Structures are given as C-alpha cells and as structure tokens.
Chemist: 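Here it is: the structure, laid out below.
Here is how names work: the chains are called A, B, and so on, in the same order as the sequence lines, proteins then strands, and each is numbered from 1. For clarity, every value in this text was computed on a predicted model and none was experimentally measured.
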2 protein chains.
Amino acid sequence: MRLRDERHKRILQMIEEKLFLKVSEAAEMLGVTEMTIRRDFKYLENQGLITRIHGGAKKKTKDQYIELSHTEKKALNIKEKKYVAEKAAKLIENNDTIFIGPGTTTEFIYDYIDVSSLNVITNSISIFNRFQENKNFNVILIGGRLRERTKTFVGYFTSKWIRDIKVQKAFIGTNGIDGDQITTADEEEGAIQRIVLKNSNYRYIITDSTKFGVCAFQKICNVNEVTAIITDNKIPVEYKNFYEEICKIIN
Amino acid sequence: MRLRDERHKRILQMIEEKLFLKVSEAAEMLGVTEMTIRRDFKYLENQGLITRIHGGAKKKTKDQYIELSHTEKKALNIKEKKYVAEKAAKLIENNDTIFIGPGTTTEFIYDYIDVSSLNVITNSISIFNRFQENKNFNVILIGGRLRERTKTFVGYFTSKWIRDIKVQKAFIGTNGIDGDQITTADEEEGAIQRIVLKNSNYRYIITDSTKFGVCAFQKICNVNEVTAIITDNKIPVEYKNFYEEICKIIN
DNA sequence: TCGTTAATGTTCGAAAATGTTCTTTTTTGT
DNA sequence: ACAAAAAAGAACATTTTCGAACATTAACGA
C-alpha cells in the first residue's frame, strides 16, 4: 500500500501520458479499491488538476484561444515594437497621469520614458511590474479577474473600477485597424479599453504597421475618435495617406 | 555524531531520492519504533525540510511565489499556523464568497480548502497567486497601490473599490488582540480590513496564540464585533476564558 | 556510583484513510 | 423507450495512523 499523495502523483502522471484513465485501471495499478480512486479523482478535480468523467478521468483541456500566447507574440517584430514604444514614450511628460493597456508593444514604453514623476494606471500585470520598479512613479493596478493568457485583469469588477479613473493620456495596443474601425481580438479586453478611452483626454493607439488592414474580432472605437495612431515607418504609404485624413499618424 | 542526527540525515536522503517515505518503511529501515520516526518527521518539518503527510512524509515543494521577507516570518510557528489555517478552511463551504486578507497564516488556508466551487476576493498578491492555481475558483484581486513589504494592495483606490464587494465570510489576520480590541501593525492595511469587516456577514479573525495580550499600532475593530477568533490551542486558558465571554473562540 | 536529563518505547483512545455494502444514476444494447 | 449492465455515491465498517501520556532505557556529568 502506498501514500495518498504518492498515488495522486502517479494518477496525474498516467493521465498526463495517456490523456484518459479508467477508475478500474487505476485501482488495479495502484492496488486499492475503486472507491478510493474515485475519492482521489474527486480531490484532484477539486484541485483543478483533472476533469472527471463517467468511468474515469481525463486531462484538463485548457481553453484554446486564437491569440498567440504572451511569450510567443513577444518575439515578433521587436525592432518595430521598440520604435513605436519610443515614439509613445516621448509623448509622456512630467507629472502626467497615464493609462497603459496590455500589449507586447506597450510593455516597451517603460524603457524610453524620461520623466522624474509620473502616475501610471494599468490592468496589465507585466506593465505594472515594470513601472513598479521605479520608485518615482506612482503606479496603480486595476484588479479584477485575471485573464491568464495575457496576464490582464478583465471582467465586471475591472470595468466598474476603471470607471473611477480619469487620465490625461491613454496608450492602447490593438490587433487591427481596418477602414474606420480599431479592433482587438478579445471581447473582455476590448470592453475595458473602450471605457479607458472615454475617460482620457488624449487617446493614443499603439500598433505596429502589420496591423493595418487587419480586422480583429471586437471593435474598440472609430479611428476619428482617437488623438493619434502611433506606428512604425513600414506603414504602407496608401494606408498612411488614408488615415492622415482622419487622424494624426505618428511614426 | 549522535544517533538521532544520523537518522535525520538518512531520512532526508531517502526522501530526496524517492520523494515519498512511509513511517513504517523508515521505522523498519532504521530499526526504531514508528513513534520515533514520527518525532523525527515532526522535527524535520518544523525545520522546513520536509512535508509531513498522513502515513509518511514527502519532499518539500518549494513555494516560489512568496518573497523573502515573508519566508522568514513563515518559518516561525509553522505548525500552529497550519493548524489555525485548517480550522479556518473548515468554515468554508461550497459556493461561498469569501475575503482572505494578507498574512502568513491566511496563506495556508488554501491547502486545507475542500470545496469544488468558490469565489475568493483578496488584496494580497500571495493569496491571489495561490488561489489562482485552482481553475475551479473564481478569484478577484483588488488592485490599487502596492505595499511592497507585504505585497498587498492598499490606499485610496483599494479602499474605494473594496467597498463594492460584499462577502459572506471574511478571514482577517491580525497582529494583536488586547483587551476588547483587535489591532494590526499597519495603518493602511488596517483601513482596508475595517471596510471588509463591515461588508461581511461572518467575520473571522485569524491569529496564532502568541498574539493575545499584544497591542499593535492600529485598531481594526472591537472583539465583540467579530463572529469568531480562530487560534491554536496554545492559547493561555485565562485568555480563552476571558474572550469566550465576548465572542466565539475556535481552536 | 548516583541522579538528572534526553531519547526512545508502549499503550490506548481519537482521527484519518480505506474498504464494503447497498442504492441511485448513467450508459449501453436492443 | 426499455431493461440490463456498469459506474457512482451514500452510509457504515474496518483498518491504519496519529499523538498524548506515561514508562523505560541510554547518556552523561558530578
């Protein structure tokens, strides 16, 4: 006979490699009753480690998002992202109160900021951590429910709380700019961004040039509502001409 | 070298390579009674070297999510803290909405919770991280300004936002219980705790028995306002008698 | 040597883990 | 849709482990 935790560990191993494990199988392999295995499965399910189904248990399927994961995305177009981030950072002045939304580009903004005092609001853990390093900055994290994929807080409470915040400048990353619409891939994050834009004097859209002509799932706002679009200089000239009619393009 | 130390060394070796070790196995191998092995395990656990489980012990999984200043504190009275945490966890029922405040004791509560669905609210990063692991729990972090030392959110916004939250049960750690007052060491955290207690149906104070007779800097509330004080069984009998007149003592 | 203290062993009631039995629910085959 | 078969779950029984209290043994200095 073995220890309970040891059994749990082996159950997890088996499920990991076989994806599915029958109660009867497990009982025989581990030399205990099926009842015990059921109790083990129940415990492991409560821990959020497996999914129980009639007759056994299976590996927990993580929700598949269309978006690339945080770390994967980061690798792409670093040079362009840094360029854009630097342009954005130049717009930030001493004693500003700014919002910085989640995004792989916006994360670089911190590196180029050159002010001695600043108030920063964000719902992104990565952004928060970066700015938190600097003791001269007053940083506020908007909490709520965590969207694991992007390490960003979203949902009812985040929306509610973000309404309390008024900022001078908002920097919002985006997944697509098409026609007169600015769009993002995630519904929940989009909801937050819309509120932020309403509560900001200056509204900056941060995007690399590959996002022009891309239409993502969720509309954030119209192009004519933003103060400027900040992008890199690989933006095709036809897009540049088109959007310069509507709003400012910084690149 | 003493016999006892020799045994301890061998126990650690065995656990290191096998990850698990039964009391009975160890007893046979080392030629001593199971009682002795239990005493050894107990000692080694208090040294923070292994984790004891029913029937044996296992290798300690290092918690990487807690920062240094915390881990130091944590080494003290582990046994009592776990005991208290377990008592607290038993009060948590399926589908509850609970608040868990920052603290080295409250962090252990997670380990003893046995429900399949739960809503958790906290302003502590450590607590948030722990509960976030479990996909069956709905976890809300209250943001704001970060108090680095305890990795806890405090300040104007935290207070404001926490007012939006109503919970069934609040678990609040404390630094001192003296006379009819419950006190804490930090003014900003105290302010948050006061609000939480107002918005909770059941108010549980989590504390180890060494805090009785200690008066910290900031008053949180009066003893008669709380539902129960959860503490360990080393509480001096005169305190126990005194406080049992005013509120419930769980230990 | 003795007396003192620390370590280990023993006993036993309580608690935890596991097993058993029987009933209810789900699945499956027709 | 139905009945038979398989699995799950509730309640109770059994076994194992724990830990407190006390007894015994070993260790060591005066």
Side-chain angles (χ1 to χ4, degrees), chain A residues 1-12 14-15 18 20-47 50-58, chain B residues 1-12 14-15 18 20-47 50-58 77-91 93-94 108 111-117 136 209 232-237 240 250-251:
Chain A
M1 199 193 299
R2 302 275 74 200
L3 293 166
R4 201 168 70 110
D5 277 28
E6 202 172 357
R7 233 172 32 230
H8 288 172
K9 196 174 181 201
R10 292 195 53 194
I11 287 171
L12 288 174
M14 288 196 268
I15 288 185
K18 306 194 351 177
F20 173 74
L21 185 60
K22 290 211 281 181
V23 174
S24 51
E25 266 184 311
E28 176 158 14
M29 287 232 227
L30 302 171
V32 290
T33 327
E34 298 195 352
M35 192 64 228
T36 300
I37 297 295
R38 287 200 193 92
R39 287 191 262 244
D40 288 343
F41 282 4
K42 191 172 175 185
Y43 172 83
L44 293 169
E45 183 176 51
N46 278 347
Q47 295 296 307
I50 62 174
T51 304
R52 214 137 96 78
I53 52 184
H54 197 90
K58 64 174 182 180
Chain B
M1 172 168 304
R2 308 259 288 283
L3 275 172
R4 200 165 69 107
D5 293 333
E6 180 66 29
R7 235 176 24 239
H8 288 173
K9 217 176 207 169
R10 291 201 51 196
I11 287 170
L12 288 175
M14 287 195 271
I15 288 185
K18 306 206 323 177
F20 295 93
L21 185 59
K22 297 218 302 172
V23 174
S24 51
E25 273 181 324
E28 177 159 12
M29 261 200 270
L30 302 171
V32 291
T33 326
E34 298 196 349
M35 193 64 230
T36 301
I37 297 296
R38 285 198 196 95
R39 287 192 262 246
D40 288 343
F41 282 4
K42 193 172 174 183
Y43 173 82
L44 292 169
E45 183 178 49
N46 276 337
Q47 297 294 310
I50 62 174
T51 303
R52 215 137 96 78
I53 53 183
H54 194 93
K58 64 176 179 181
N77 313 323
I78 291 188
K79 204 183 142 192
E80 284 74 19
K81 283 173 197 295
K82 285 188 173 175
Y83 176 90
V84 177
E86 188 171 2
K87 290 288 173 193
K90 287 217 170 106
L91 298 168
E93 296 166 293
N94 238 338
F108 286 116
D111 299 326
Y112 299 101
I113 287 184
D114 184 31
V115 298
S116 58
S117 173
N136 296 324
S209 58
D232 59 77
N233 43 26
K234 285 186 185 157
I235 174 177
V237 67
K240 184 165 180 177
I250 298 176
N251 73 349

Chemist: Heavy-atom nearest nucleotide on DNA chain C for B:Val32 versus B:His54: which residue maps closer to 5'?
Modeler: B:Val32
Chemist: Ignoring backbone atoms, establish whether A:Arg2 has a side-chain N or O less than 4.0 Å from OP1 or OP2 of C:dA17.
Modeler: no
Chemist: How do B:Gly31 and B:Glu86 order along DNA chain C: which one's closest nucleotide is nearer the 5' end?
Modeler: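 The residue whose closest nucleotide sits nearer the 5' end is B:Gly31.
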Chemist: In plain terms, say whether A:Glu34 and A:Arg38 are close enough for a salt bridge, that is, a side-chain N and a carboxylate O under 4.0 Å apart.
Modeler: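 Result for this pair is yes, salt bridge flagged.
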Chemist: Measuring to OP1 and OP2 of D:dC18, would you say a side-chain N or O of B:Arg38 lies under 4.0 angstrom away?
Modeler: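 Yes, because at least one side-chain N or O of B:Arg38 sits under 4.0 Å from OP1 or OP2 of D:dC18.
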Chemist: Given that B:Met35 and A:Glu34 both sit by DNA chain D, which one's nearest nucleotide is further toward the 5' end?
Modeler: A:Glu34
Chemist: State which residue, out of B:Asn46, B:Leu21, B:Thr51, fulfils the side-chain contact (heavy atoms from CB on, under 4.5 Å) condition with B:Phe41.
Modeler: B:Leu21
Chemist: When all nucleic acid strands are considered with a 4.0 Å heavy-atom cut-off, which category describes A:Ile53: base, sugar-phosphate, or nothing?
Modeler: sugar-phosphate
Chemist: Would you mind telling me which of D:dA8, D:dG19, D:dA10 lies closest to the side-chain atoms of B:Arg52?
Modeler: D:dG19
Chemist: What contact category does A:Arg4 fall into here, base, sugar-phosphate, or nothing, at under 4.0 angstrom with non-hydrogen atoms?
Modeler: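 Since only primed, P, OP1 and OP2 atoms lie under 4.0 Å of A:Arg4, the category is sugar-phosphate.
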Chemist: Is A:Arg39 side chain donor-acceptor paired with the D:dG9 base, going by distance under 3.5 Å alone?
Modeler: no
Chemist: Tell me what B:Thr33 touches on the nucleic acid: a base, only sugar-phosphate, or nothing, going by heavy atoms under 4.0 Å.
Modeler: base
Chemist: Rounded to whole Å, please give me the gap between CG in B:Asp5 and C1' in C:dA7.
Modeler: 12 Å
Chemist: Let me know the distance between NE2 of B:His8 and C1' of C:dT8, rounded to the nearest Å.
Modeler: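 In whole Å, C:dT8 C1' lies 12 Å from B:His8 NE2.
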Chemist: Would you mind reading off the distance between B:Leu30 atom CG and C:dA7 atom P, rounded to a whole angstrom?
Modeler: 17 Å
Chemist: Rounded to the nearest 0.5 Å, how far does CZ of A:Arg2 lie from CG of A:Leu30?
Modeler: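 So the CG of A:Leu30 and the CZ of A:Arg2 are separated by 10.5 Å.
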Chemist: Please give, in whole Å, the distance from C:dA7 C1' to B:Ile37 CD1?
Modeler: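 Answer to the nearest Å: 13 Å.
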Chemist: Does a sphere of radius 6.0 Å around CD in A:Glu28 hold more than 12 heavy atoms from other residues, nucleotides or ligands, not counting ones at 6.0 Å or beyond?
Modeler: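 12 or below, so no.
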Chemist: Measure from the side-chain heavy atoms of B:Thr36 and tell me the nearest of C:dG9, C:dG19, D:dT17.
Modeler: C:dG9
Chemist: Whole angstrom is fine here: how far is it from CD in A:Glu6 over to P in D:dT17?
Modeler: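 That distance rounds to 13 Å.
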Chemist: Applying side chain to side chain donor-acceptor pair (under 3.5 Å), run through B:Ser209 and B:Asp232 and close with a yes or a no.
Modeler: CA-CA 6 Å; B:Ser209 58; B:Asp232 59 77; 2.8 Å; yes
